[in-house]
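Naming convention: chains lettered A, B, ... in sequence-line order (proteins, then strands); numbering from 1 in each chain.
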2 protein chains.
Amino acid sequence: MNIGQAADASGVSAKMIRYYEQIGLIRPPSRTGSNYRVYGGDEVHVLRFIRRSRTLGFSIEETSALLALWQDKTRASGEVRDIASGHISALETKIAELESMVGTLKHLVHCCHGDNRPDCPILDDLAGTHSKTKGH
Amino acid sequence: MNIGQAADASGVSAKMIRYYEQIGLIRPPSRTGSNYRVYGGDEVHVLRFIRRSRTLGFSIEETSALLALWQDKTRASGEVRDIASGHISALETKIAELESMVGTLKHLVHCCHGDNRPDCPILDDLAGTHSKTKGH
DNA sequence: CTTGACCTTACCATGATGGGAAGGTCTATC
DNA sequence: GATAGACCTTCCCATCATGGTAAGGTCAAG
């Protein structure tokens, strides 16, 4: 299987497969006489694992740890759960930040009449000129 | 006012002030005879505007547009509101994605006993091996 | 044999920020 | 004055994960 076929089979672009190899996330595959990378079912399985992990927002580093645990037959699932739990916390922190931004912005948009008058509470807020934005 | 003082006064690092100048977000300030950048109250005001905008998650590009509107006395607030509304949508999309990740992860963590047994539903999910076929 | 699809490596770009080196300048203290 | 240390300057590099492109090699079908 060539890299393009492995890419199609795994959903990971050829570009990223080479990158993952370069940074040591996956092992270099064998090569044909003409230096083409050759992949088999196992490699595709690993690539799919990586793709799923990335889709769930795990970083490459976290993915690397999960991959090692996956390939370690004697692993304890507690480690895996710790990584996942930590990641959940990080995601929730990020969500809270974004929600805070959205809350502020919605308030500002609500206060903005959005017509042709130059007055604009959104800009006033950004500028820090505390011209009281009258609330809902 | 030197760049360090402008940084302290605005909350934007000196490094970023130079960067903003380099990419054309802010105008090059005047210089002393010894080539030091010189800032005044107006510049600090602009920098604070930028900082607030970035804090609210606007990109540099969006910030640039908002800044232009802020400095345009004849602007219509509708444009500003459109930018803000678009940004809210983008943030909400991002939040939904993150929440979806969190939901999946919480479910997996909940299913994971987290003890020393090698069996782990989190890894099974990542691998796509849906239970019965154990041992990859 | 040619064409086109594929592969290889290598370099550059992103977005926003930080780090650091090498060298010049200012200010306070001795 | 001299000197120390805090500041400034430009320039380069690193991040993180991904995409693009270019120059060149390989393969399969017509």
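Computed from coordinates, the A:R31 CZ to C:dT8 C1' distance equals 8 Å when rounded to whole Å. The distance between atom OH of A:Y39 and atom C1' of C:dT8, rounded to the nearest whole Å, is 12 Å. Between the CG atom of B:N35 and the C1' atom of C:dT25 there is a distance of 11 Å, given to the nearest Å. Per the geometry, CG belonging to B:N2 stands 14 Å off C1' belonging to C:dG24, to the nearest Å. The distance between atom NZ of B:K15 and atom P of C:dA21, rounded to the nearest whole Å, is 11 Å. Distance, A:M1 CE to C:dC7 P: 12 Å, rounded to whole Å. Atoms CD1 (A:I17) and C1' (C:dT9) sit 16 Å apart, rounded to a whole Å. Counting to the nearest Å, the C1' atom of C:dT17 and the OH atom of B:Y20 are 9 Å from each other.
With a cutoff of under 4.0 Å to any heavy atom of chain A, the contacted region of DNA chain D is bounded 5' to 3' by D:dA17 to D:dC27.
Expressed to the nearest 0.5 Å, how far CD of A:E21 lies from CD1 of A:I3 amounts to 7.5 Å. Interatomic distance, A:R51 CZ to A:M16 CE, rounded to the nearest 0.5 Å: 13.0 Å. Between atom CD of residue A:E43 and atom OH of residue A:Y20 there is a gap of 16.0 Å, rounded to the nearest 0.5 Å. A:L67 contributes atom CG, which lies 9.5 Å from atom CD1 of A:I26 (distance to the nearest 0.5 angstrom). Note: A:L25 CG to A:I50 CD1 = 4.0 Å, rounded to the nearest 0.5 Å.
When all heavy atoms of A:V12 and A:L47 are compared, the pair lying nearest together is CG2-O, 3.6 Å.
Aromatic ring pairs are classed by plane angle as parallel below 30°, tilted from 30° to 60° and perpendicular above 60°; the pair A:W70 and A:H45 is perpendicular.
Remark on DNA chain D: of its neighbouring residues B:S34 and A:S13, the 5'-side contact belongs to B:S34, judged by nearest-heavy-atom nucleotide. Residues A:G4 and B:M16 each lie close to DNA chain C; by heavy-atom proximity, the contact nearer the 5' end of the strand is made by A:G4.
A:R31 CZ: more than 12 foreign heavy atoms inside a 6.0 Å radius.
Using a 4.0 Å heavy-atom cutoff across all strands shown, A:R37 reaches sugar-phosphate atoms only and no base atom.
Within residues 47-64 of chain B, the residues approaching DNA chain C are B:R54, B:S59, B:I60, by heavy-atom distance under 4.0 Å.
By the criterion of side-chain heavy atoms lying less than 4.5 angstrom apart, applied directly or through intervening Ile, Leu, Val, Met, Phe, Trp or Tyr residues, A:V44 is not grouped with A:Y36; the two fall into different hydrophobic clusters.
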